[in-house]
Amino acid sequence: MAVLGGMLGILAAVAVIVMTFVFIYKPTMAAPLLVLVGMVLARPNIWGEQYSMVSIGFFGLAAGIALVQDKGGFLFDRREFRGVRSPLLWVSAAYIWLLLRVSSQGLDSTSQTVNGLVAAAACLVSVVFVVGEKKRRDYLIKGFIFAVLLVSSSYVVTAAFWAAFGVGSGVVGHMFIGNWPAPQPVYFPFTTTVASQPVLGMILPRFVGFAREPGWMAMYSAVAFFLMPLAGWHRKFFKLVVLVGLLGTLSTAGFGILVVCLALRFTFSRKSKSDIGAVLRLAFGVGFVVFAIWAAFNAPILGFDAKGAQNGISLSERTAATNMGVWAFQHDPFSGGLAADKVGAVNLVAAVAAYGLPFSVAMGLATTAPILRHKNRRVLIPIVTVVFLTLLMSQPSLDSSWAFALVIIAAAAAIDPAAPPMKKAPPKAKTGQLPSHYQHPAAEKALKASALSD
């Protein structure tokens, strides 16, 4: 603990120095950096359970700087703003429903709901203002991708260290992560993990990155994977590092969602040049989606069937909570009728039993509404689907502010995505390697014409 505490102190000092230089020499980068600092302090991330209220200060400062830089205005046009603002509106509607529900049923969770609303609003409002200007937007998008790459690179180094010296070696300290009751090990160089899972006879710690649970980190990795082309990051090595990090989470839902969204991207990422091409792409895409769903259930280690064999308790608990949500949808959809601590609102379906159907619908729309009127919805579909399916299947939406912030960032990134890389032209042959009549065709024609005239 002492070693890790010293490392965190050094990192905090370095962060203060970096922020000072940024404010002086690169003011456009200041607000995005403050948002990224707030990210790790917000739910559902690594220190969100302890410092969620502290993150409000960082988000508020970032929003204030953005407003000053934009002279109190907003740089999106009205059509573009709809997709960016919709997650904020629908998340606010979900919390308003919760306030109405707790007041009508006389529950004692009003203050908790208000705190959640304030934290979510601060995060989402800040991101909306920061992405309003293109340079700030690019810094925030690339900063998030870089954060995912950084922690994923650490996991790659850790995995190589384990391969050489044994799984579990290289512990540099322990840290409280999320709401886990005991400190969790941190491995060289700075890989955070929680719990463990048997894989091929080994007990592997689960990579958690800057999230509070592996499932969230799997979602962040998938979002970063699909954001990279929009930000102009096309190197396959970067994508490979992110994918290794995703696999390191050992998240069944994360793996299955990535495979399904890859199929969706193939199907909807671009328009076909002809009607026949569109039909063929759609037919092949549907087949790809079906195969992706089959792979999500039957893949070794990370498939749902393998999850049931390796960690049946976790899967059975989620299944029971989901079944309770289905029951509530059929019998008492609006009030739900069951407390969250008894059911566990582990996903949007289970949340019907915990908070009522309007809450689940509003939170679902907070992730999907941006694609309805977006001018580049095709490139937005895979990212939005990653977040939606994660909340639908495996993670709670309540107080998960950064999940919805990613939807806003993705909607902003899709407004003006980076151009795809140009294909390399075929190499030109050297002049000396060609016959003379190819080197100087005009001169050859002139010589032939003069010879005929003579």
- For the pair K239 and H234, evaluate side-chain contact (heavy atoms from CB on, under 4.5 Å) and give the outcome as yes or no after the intermediate values. CA-CA 8 Å; K239 293 183 177 181; H234 300 285; 5.6 Å; no
- Task: May I ask you to check whether W233 and F238 place their ring centers less than 6.0 Å from one another?
- Result: yes
- Over all atoms of both residues, closest heavy-atom pair of A321 and A350: O-CB, 3.4 Å
- N/O donor-acceptor pair under 3.5 Å between R136 side chain and V130 backbone: yes
- Message: Would you say that more than 12 heavy atoms from the other residues, nucleotides or ligands in this model lie under 6.0 Å from the OH of Y51, or not?
- Response: no
- Task: Answer yes or no: is there a side-chain heavy-atom contact under 4.5 Å between F388 and L348?
- Result: yes
- Message: Please verify the inter-ring angle class for W327 with H331; under 30° counts as parallel, over 60° as perpendicular, anything in between as tilted.
- Response: parallel
- F207 side chain near M217 side chain, heavy-atom distance below 4.5 Å: yes
- If only atom types and distance count, is the side chain of W162 paired as donor or acceptor with the main-chain N or O of V157 below 3.5 Å? no
- Would you indicate whether the side-chain heavy atoms of L34 and I65 approach each other to under 4.5 Å? yes
- Could you tell me whether a side-chain N or O of N347 sits under 3.5 Å from a main-chain N or O of M393, the two making a donor and an acceptor? yes
- Item | T192 vs Q184 side-chain heavy atoms within contact, under 4.5 Å | no
- Query: Can you tell if the side chain of M39 reaches within under 4.5 Å of the side chain of N45, non-hydrogen atoms only?
  - Reply: yes
- Message: Taking S400's backbone N and O only, do any of them form a donor-acceptor pair with R43's side chain (distance below 3.5 Å, no angle check)?
- Response: no
- Query: Sub-3.5 Å donor-acceptor pair from the side chain of S55 to the main-chain atoms of G38, do we have one?
  - Reply: no
- Short question: side chain of T249, backbone of G215 - any donor-acceptor pair under 3.5 Å? no
- Query: Which class fits the ring pair Y220 and F210: parallel under 30°, tilted 30 to 60°, perpendicular over 60°?
  - Reply: parallel
- Task: Please answer whether the main-chain N or O of P27 pairs with a side-chain N or O of Q69 as donor and acceptor at a distance below 3.5 Å.
- Result: yes
- Least distance between heavy atoms, N376 atom then I415 atom: ND2-O, 3.3 Å
- Say whether, by atom type as modelled, one donor and one acceptor occur between the side chain of T193 and the main chain of P185 under 3.5 angstrom. yes
- Task: First locate atom CG of D138, then atom OG1 of T28, and finally report the distance between them rounded to the nearest 0.5 Å.
- Result: 11.0 Å
- Could you tell me whether a side-chain N or O of R212 sits under 3.5 Å from a main-chain N or O of G178, the two making a donor and an acceptor? no
- Do M175 and W47 come within less than 4.5 Å of each other through their side chains, counting heavy atoms only? yes
- Message: Ignoring hydrogens, what is the shortest heavy-atom contact between E49 and N179? Give both atom names and the distance.
- Response: CG-N, 3.6 Å
- Message: Does any part of the side chain of K236, heavy atoms only, come nearer than 4.5 Å to the side chain of L240, both counted from C-beta?
- Response: no
- Query: Quick one: are V186 and V171 in side-chain contact, heavy atoms under 4.5 Å?
  - Reply: no
- Message: Donor-acceptor pair, distance only, cut-off 3.5 Å: does the side chain of N115 make one with the backbone of S111?
- Response: yes
